[in-house]
Structures are given as structure tokens and as C-alpha cells.
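In what follows, a single structure is set out as C-alpha cells and then discussed.
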Amino acid sequence: MRSTNIIAVLILAASDVAAAPWNNPYPAADATADVYYDSFEERPKHLDPARSYAENEGQFIGQVYEPPLQYHYLRRPYELVPLTVREVPTPIYQGADGRELPEDAPVGRIARTVYRFRLKAGIRFQPHPALARDSQGGFLYHALAHADLAAVHTLADLPVSGTRELVAADYVYQIKRLADPAVASPIAGLMFEHIVGLREYAERLRRLRTAARASGGFLDLRAHDLEGARVIDRYAWEITIKGKYPQFLYWQAMTFFAPMPWEADRFHAQAGLAERNVTLDWFPIGTGPFMLAENNPNRRMVLVRNPNFRGERYPADGEMEDGPAGLLADAGKPMPFVDRAVYSLETESIPRWSKFLQGYYDVSGIPSDSFDQAVQYTTAGLTLTEEMRRRGIRLLTAVSASTSYVGFNMLDPVVGGDGERARKLRRAIAIAADTEEYISIFRNGRGVASQGPIPPGLFGAREGEASINPYVYTWVNGQPQRRPLEEARRLLAEAGYPGGRDPATGRALVLHFDTSASGPDFRSTLDWWRKQFDKLGIQLIVRDSDFNRFQDKLARGNAEIFQFGWNADYPDPENFLFLLTGSQGKVRHAGENAANYSNPDFDRLFEQMRHMDNGPGRQRIIDSMVEIARRDGPWLWGFHPTGYTLMHSWYSNAKPNLMARNTLKYVRVDPVLRAVRRSQWNAPVWQPVAWFAAFLVAGLLAAIRVYRRRQRATAL
Amino acid sequence: MTAYIVRRCLYAVPILVGVNLVTFWLFFFVNTPDDMARLALGAKHVTPEMVAGWKQQHGYDRPLLFNSAVRGTGKLTETLFYRKSLRLFLLDFGSSDGGRDIGHDIAQRMGPSLAIAVPTLLVALAVEVGIALLIVMFRGSYIDLFALLICIVLMSISLLFYVIGGQYLIGKVWRLAPISGFGDGVDAWRFVALPVFIGVLGGVGAGVRVYRTYFLEEEGRDFIRTARAKGLTDGVVLFRHVLGNAMIPVLTGLVVVLPSLFLGSLIMESFFGIPGLGSYTIEAIQNQDFAIVRAMVFLGSLLYVLGLLLTDISYTLVDPRVRLG
């Protein structure tokens, strides 16, 4: 223990501040425990790694399930490193005849790519009843009778747990689950396009499931081979994908590809358990540093250290500035550093923010209402306010790997199409819509105006003057400057709408803006959008609707101009550029290209680019693609949000990692310092209670006096 | 009385069927099963096949009310309404669209809802009746006028303001209670105190005015004048005669809200992080989980019918003149 900590403990003991303050929402016994405290806003829907896709679910299952690969915590650009495997696999290319091809084989010759994974030995699953065995070696809880289930509402109601070593078959089992119609994995459709035989496997499982339902039996996926995922030996497996798809390895860092022991599937398939909420979708089983000890999404989720965790070590290298920033102080030390993580449900931002300031949450975002309380813009740029600095709070910012854009439906007769008139109309609107103003007003400056589809920091995004969209910006004094409104008006006139008038009607051109941002909270935002179009004399009709109606409009191509966004699955430009490819058109192909943009040159370059490794050649192609997209302008581009995270002085090893979900193991807290600060910040103020009590007593005494006087008074 | 109760129970059946039908129609008028599937599956990489698969797996691939594709009774039984709604009459709530046992969820969440609602009701009743009696005692005086003014001010303020203001002052500035959260067992009182205090404060203005009206009505009656003429003190008159005879409206008002206590308070639960049934219903509406929505609406209507029945029965307990037949 550091000397400062010892002193702090002595101070605590001496002043008896270890007793929890009155507003402490946690048990007093945990005051100096090695616990990480955080909150969650929305209850998770799925904790099954084959089903979970949401970020708020990732913060839990990312600590429990371990896919074969992970992102290096400190290195940038993001780099894949082994997690449970010995090394990141090298792709093996095969031709149509099944023969191996050289590494530099042309894409057209590659029929299949094989990835072989080799597992580290000795990794064990967390203790779990599904793995518990009796003295004869049989599974203790695989044949639960109806009577046994009477008192079972959680896994903790089954007293015995077991474990076993992680093997290659567990990874293959999970890949098979992705195809299982009963699991309904959100990436099943996507993986059908890549993993050999997965679509056919899903069809087979559909038939088998129907039969299994009739017989009431468990469908053991081990008995049904999948061509594209095969166990080689106890510790090795291979995945075969169609053609070449280098980004496939990024998926291997997501929990979709985390191992699933067949025993867990067998255990949860028992009749009666699902009716008691004991499902695989609710009770994860993994090999990660933590396991879910309490699953009450109505109130609290608690992760505790997995006693069987193998003891991964903190990274020993990172970026240049990581050393001076103290991020390498724990280099080589075994993780995780905290024993427990408590996440409390906070649906409202006001109590969440207040509890962070009281020291009851270790980290927090900044609610819009409290932005000025937390940060300020000075000549030195964005800084924390005096109040925050006094509390020792630190700020971390990072541009997220996502984009929020306004799209034009390219199938629309007015704003769509690749004619020069429509292009000029879109460009005029893009200049007039002042994204910088939007970011300033509605996001407190938390965002970067997009210059193209790829967010800054990802390979393919340029910096400086080369980064700007020349159709909307010019480069002035080392800064991008939006082109003047006169230019937008000129473009509009050239598009056939002088002064914003539609020659067909002689009145203002009417355009329609679809958004799922409905309700009074968004009224000012929508008014702002009307004003942007009004600058050009265009009348904007806003059609706000709920998320489903909005999706429906996009799917049918009934939206004209719409607000949409995308969060990256992985840190590769392909995951953004594919949003503009013709084969992803929303209306024709039910894909992710909501603008229904289609440009053969862009599509051709995309096919070239997607198979290439990062390098100058790939950058050149990306530059060409971005230039095509900027020229055609199917999006108004919008902005890339910037995430602001505040953390207390007792929280260390914090570095934004927008790709990784398994970051809890790197977190270190100083619980003693936290206890001291909490006590300092939360001393109760009793005077108001005393005043209130005095007021009540005085009032009561006065009333008694008046009452007695009235009782003694005579009628006349 | 037994015949009356049985008759009222039978009357409740068509009411509950009607409520079920209206809920069903309203829900599916706004949401189609496709919408539900899309919301459950998320926004990324969702294909029409996946939507169809989700509907099939959750039983939403049937027609809503009438199935023309089958013969006989199947036309009515092979429908979404029959399959999803009629089991409720056996109090079998089934599973949510997310796969969780609704009955178990309700049982789990009822405790926290009651932990807030019951103390709030009892404390509020005691405080409101007490203050109303005091005001009646000083009727026509400046105290009465001042108290009425305070009541109107308190009534005019939104509950949301009390919640946010209470959290700010008591939780944040004075640091006397946790701002939000919920505890286990005995520790729960620390979390319950602030919402109960705010709940009482938020309702005290309206409550005092209502009870004051009841008591004043009794105050003007002949038997009160007689009691005073006999020389009874104000205290005896108020607490024994006024309060005793005003119990019918007080009790009926109380009994009718008793069942609804189980359903929790949306605002209080949401702001104080109470894992109760109020937030359960709202979350279900937000997630378009029809299974939970219909279960909660059914439960709500059932408890309301029960509340009305209990009110009728309570009349007979406090007023011997009332007979149910």
C-alpha cells in the first residue's frame, strides 16, 4: 500500500469517517472496498453473446465473454491482438479448386479464406451450475425435475457450481448458434454472406428445431457439422469464409464469436427454466475477468471477479504520450484491478449527475443541462470549470467512430438522381445547413463537422487541408470555412430554383424532412432545420414520426430528406463506405444504404478497396471514393459526435477506446481516497431540519395556546 | 352480501374482456408485429427474413382477430387475440416479448412499489387529516385563510418540481438522504424516506382541502351543534363526532386507491430509481412489449374493479344504514 494510502487510512480511523454519510446509496461496509461504481440508463435486453448488439449490453457481457481477439487497449490506430488465442491468425487463401494461393493472389482468384485459431491452454470457465457434476461425473443440473425448479428463480438458487477448460469446440458451437433461428442473432443475415455453409446450416436447423419442438428435446448442435466452422483439435479450430474479407477478423473481437459451452445450452434448454427467467439470454457464462453476480436490470447489475480467470497482464506499451500520462504505471501487472463493479440503474440525468458530483459514481458523461457547470470555453480552448478542478475531476474527450448525417433519398424525383441539377440542389443545401452552428447550439460543441463518411482517426480519413470537402468548405487560415451562402444561392439558381422558387408552381420549393426525433424536446432542432432551408427560400416540411414509422418510410423509399446515423462495428473505412454502395440500397436490397445512393464507379472502387490491406494504395482508392461521394453529395454529411467523459481523481488507467468493450479489467480505483473524498463532500447539513422542527414546535405551541384561550373564552 | 359480491364479480368479466379488446386494438392500431420485431432486433443488419423469424418465434405471425385461413373454431382461436390475451383470465401472464416471466417480474417489482406507496398513503392520510382538523378548528380565522392559501400554492406546483427540488435540496445540498436508489431489507428506509416525504408534500395541499371540506360539512350538522351545546370541548367534538362521521368519504376515497398502490408511481419510481411496477409499464410501452402492456393493463383494470367492490363493501362497515343486496 502506498504511504499516502496508509496516511489516509489513519485519518479515516481517527476521524471515524469510515461510517457512510447519510446520502451514501451503498452499504457502509463497502466504503473502502475495491469496487468500481457506475450507472446504466437503459436496462439491457440481451446478454446472450449471439444476440446482444447494443453498446449498453456490451458494458456487461464484454467483461464476461471472451472472443478470440481483442483491441489493444493503448495503441492507436486500433490494433487487434490475441485474447484467448496464441496469435492473430493469418488468412489462408484458397482457389476454386481448394488449392492454397499465395498471400498476394488477386482477389478474383480467391474462392475462400481460411482462418485457423489456436487457443491458449488452461483457460477455464467461471463457476456455473451448468458445469457442475456429481460424484459419478454426471451433470448435476441437466435433468431438473419440475419439483426441483419450485424455488429456482436465479442461478444462485442452484448451490453447486462447476467449471471446465475452454476448448476449441466451444467457439465452433457459438458460430453454429449464430445460425440457429431459435437464437435470432442480429448478425445472422450478415454472416450468411460470409461464412461458408452458414445459410444452409440455418435452414437445416429450422427443420430440426421444428422436430425438436415436437419431441420436446434439446437440439445438440455438436451433432450437426457446419462446413465453415470446424474443430481441428482440442485447442484449434478454423473458420472458412467466402472469397476475401479481411475485415472478418474484426468480428472475432466481438462477443458474437465468444465461446459457448454446450453444457450451458443444454442446461437452459430444460423445460421450466425459461419460465423462471433463467435463460442464457439473462445469465452469461464466460471465461472473462468478471462474472455477473447480480442481474437485476430494474435496479442494479453487479460484476464480480471471476475466481477462475487466468490473470491477463496490463499492456506494457502504447502511444508515446501514454507513459507520461501514467497509463503505463501498471504495465505487466495482473488484471483485473477491481474486485467488483456495481452498475446502478439511473434513468434520469439529474440524479445521475448529482451522485457523480457526490463521489458515488466514478465516471460520468456530461448531461446537456449541466454542461456549463462542468466545462467552459476559454482562450485556451475547452477546460474544466473551477468547481470540477477543485474536486480533482479530469476530462477525457474522443471523437467517436460514428457519424450522424442528413441523407437525400437518391430515388426521389426532386433531390435524388445523378443529374447535375439535383447535384447542385443537394450541394446548395449542404452549404446552407450550418453544421457548426448545429453542433454549437444543440450539442454544446460536442462534435466535429463531417467532411466525408469516414470519422477522423480511422484509416482513410485525411487531416488538414486534404481533409476538407471542397464542395462545401474552403481552407482559410489553417481552418475549414463554410462556403458563403451566396454560392449556395447561385447553385440553387443553376439547379433551376432561383430564389428557392419552384418554376413548376411559381412558389417556394417544398421539401420534406423525415426524422424519428419527435416530441417537444426536438422542436427547437426541427425549427433550426426549417431555418436552414429558409435561408435559400426553400420551404421545409418536417415529418417527425416514431422510430418504426421512420424506418418504414426509409424501407419504402418514401422519405425525401432524412436524419440518420451509423456506429462503427469495427475501425475500418469499409464499415462506413459500405453505407454508400449500391448493393446496400435500402429500397432495392433492404441494406444499410438509406440514401439508396448508387454510383458504379464508387461500387467498383469499393470492391477493390475492401480487400486491400491498409497502405498508400488503399488510401488512394479511398480518396477517390470520398471524392465521388462528396461530388454527388447523397448525404449532407452532418457531424461525428465527440464523447466527453469525466472521472474522479481516484480513477486511473482511463483512455478512451471506442472499439473495445472489455475495458473494465484495465480500470483501477483508489478506494481509500474515494472514501476520504466522499466523507468530505457529503457531510450532512442539519440546520434546515432543526429550523423545520423548531417551526413545527412553535406552530404547535401557538395552536395549543390559541385553543386553550378559546376554550376558556366565554360566549359573550 | 355474498350474492352481491358474486354478481359484481360476474359483471367484471365483460368489463375485463372489453378492456382487453380495447388495449389489443389500440396497441396494434399503433404498432404492427413488424414494428415490434424491428424494435426488438435493432437498427443494424436487419433483414426481412429476420423480421419474419422473430414474428414466428414469438407467435406474432397469426392474424389479429380473425383467421380466415383455417376452418371451424380455429378462425377465432388461431388468432393473436385469443392466443395472447385470454390466458390472462387465469392470471397466467406468460412471457414478455423479451422472454422473461411476467408474473415473476410483477411479483418482484410489487414490493418496491408498495414500499413507497403504502408509507406515502398512510403518512399522507395522517398529516392531511390532522392538518384539516386543525384548520377546521380555527375555521374563519386568519389561520384558516393562511392555511388555505398555502394549500392552493402547494396544489399548484407540479409533482415533478417537488421531486427535482427535493432531490436537490435534501439529497444534494443538505445531503440528508440518497438522491436515488433502493436498498434491501431494513436498509430500504434510507431510500424510501425522501420519496415518501416528497410524495406526502406533493399531495398535502389537495388532500387537506378535500378533508377540510368533508369536515366542514359535518361541522354544520345539527348533531355537532347539539354536542357543542352540551359543553363538549372542540377536541372531543372534532375527533369523536366530526371525524367519526366524516369517515365514509375518507374511507371510500382510501379504499378505492388501495389496489392502485400495487401499480406504482411512474414519476417517483423513475426519478428515484425505484425498481417498481410504474417504471415496468413505461419501459414496456417504450420497448413496445405488448405482452407486458396487456398484462399490466389487465392487472390495472382488475385491481380497479376490485377497488370499487371493496369501496362498496366498506360502506357497510362504516355506515350501518347501508345494506348490499
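On a predicted model such as this, the values are computed, not experimentally measured, just so you know. Residue numbers start from 1 in every chain, and the chains themselves are labelled A, B, ... in the order their sequence lines are given, proteins ahead of strands.
- Using a 4.5 Å cut-off between heavy atoms, A/H589 does not touch chain B at all.
- In this structure a side-chain-to-backbone donor-acceptor pair under 3.5 Å is missing from A/R299 to B/P275.
- Heavy atoms of B/F191 lying under 4.5 Å from chain A belong exclusively to its side chain.
- No side-chain heavy atom of A/W22 sits under 4.5 Å from any side-chain heavy atom of B/R175.
- Of the listed residues (A/S354, A/S344, A/A555, A/S185), the one with the most heavy-atom contacts under 4.5 Å to chain B is A/S354.
- The pair B/D289-A/K45 does not count as a salt bridge, with every side-chain nitrogen at least 4.0 angstrom from each carboxylate oxygen.
- For a residue to count as touching a neighbouring chain, one of its non-hydrogen atoms must lie under 4.5 Å from one of that chain's; by this rule A/W681 touches chain B with the backbone only.
- For B/S95, no part lies under 4.5 angstrom from a heavy atom of chain A.
- Residue-environment remark: CZ (B/R240) stays at or below the threshold of 12 foreign heavy atoms within 6.0 Å.
- Judged by distance alone, the side chain of A/N277 and the main-chain N or O of B/D101 form a donor-acceptor pair under 3.5 Å.
- In summary, B/D234 and A/R708 do not engage in a salt bridge, as defined by a charged side-chain N under 4.0 Å from a carboxylate O.
- Interatomic distance, CD1 of A/I350 versus CZ of B/F271, reported as 5.5 Å (0.5 Å rounding).
- Counting heavy atoms from C-beta on, the side chains of A/H153 and B/H104 come closer than 4.5 Å.
- Contacts of B/M137 with chain A are made by both backbone and side-chain atoms, with heavy-atom separations under 4.5 Å.
- B/E269 does not touch chain A: none of its heavy atoms, backbone or side chain, sits under 4.5 Å away.
- For a residue to count as touching a neighbouring chain, one of its non-hydrogen atoms must lie under 4.5 Å from one of that chain's; by this rule B/I102 does not touch chain A.
- Contact of the A/E348 side chain with the B/Q167 side chain is not registered, since no non-hydrogen atoms from C-beta on lie closer than 4.5 Å.
- In this structure a side-chain-to-backbone donor-acceptor pair under 3.5 Å is present from A/Q358 to B/G171.
- For B/F138, the parts lying near chain A are the backbone and the side chain together; criterion is any non-hydrogen pair under 4.5 Å.
- To the nearest 0.5 Å, atom CG of residue A/L345 and atom CZ of residue B/F182 are 13.0 Å apart.
- Counting heavy-atom pairs closer than 4.5 Å to chain B, the top-ranked of the candidates A/P688, A/P684, A/P181 is A/P688.
- Atoms OG1 and CD1, from A/T347 and B/I282 in turn, are 11.0 Å apart once rounded to the nearest 0.5 Å.
- When heavy atoms are compared at a cutoff of 4.5 Å, A/V278 does not approach chain B at all.
- Of all the listed residues (A/R51, A/R549, A/R352), the one sharing the greatest number of non-hydrogen pairs under 4.5 Å with chain B is A/R549.
- At least one donor-acceptor pair under 3.5 Å links the side chain of B/R190 to the backbone N or O of A/N24.
- Across A/P186, A/A184, A/G189, the residue that shares the most heavy-atom pairs under 4.5 angstrom with chain B is A/P186.
- Contacts of A/A274 with chain B are made by backbone atoms alone, with heavy-atom separations under 4.5 Å and no side-chain atom involved.
- Note: B/D35 leads B/D35, B/T32, B/D187, B/I274 in heavy-atom pairs under 4.5 Å with chain A.
- The shortest side-chain heavy-atom distance between B/T233 and A/Y707 falls under the 4.5 Å cut-off.
- The closest side-chain donor-acceptor pair between A/E346 and B/S180 falls under 3.5 angstrom.
- Environment of CZ in B/R139: crowded, with over 12 heavy atoms of neighbouring residues, nucleotides or ligands closer than 6.0 Å.
- At a threshold of 4.5 Å between non-hydrogen side-chain atoms, the residues B/L176 and A/V689 count as touching.
- Few gaps surround CD on A/E387; more than 12 heavy atoms of other groups in view lie less than 6.0 Å from it.
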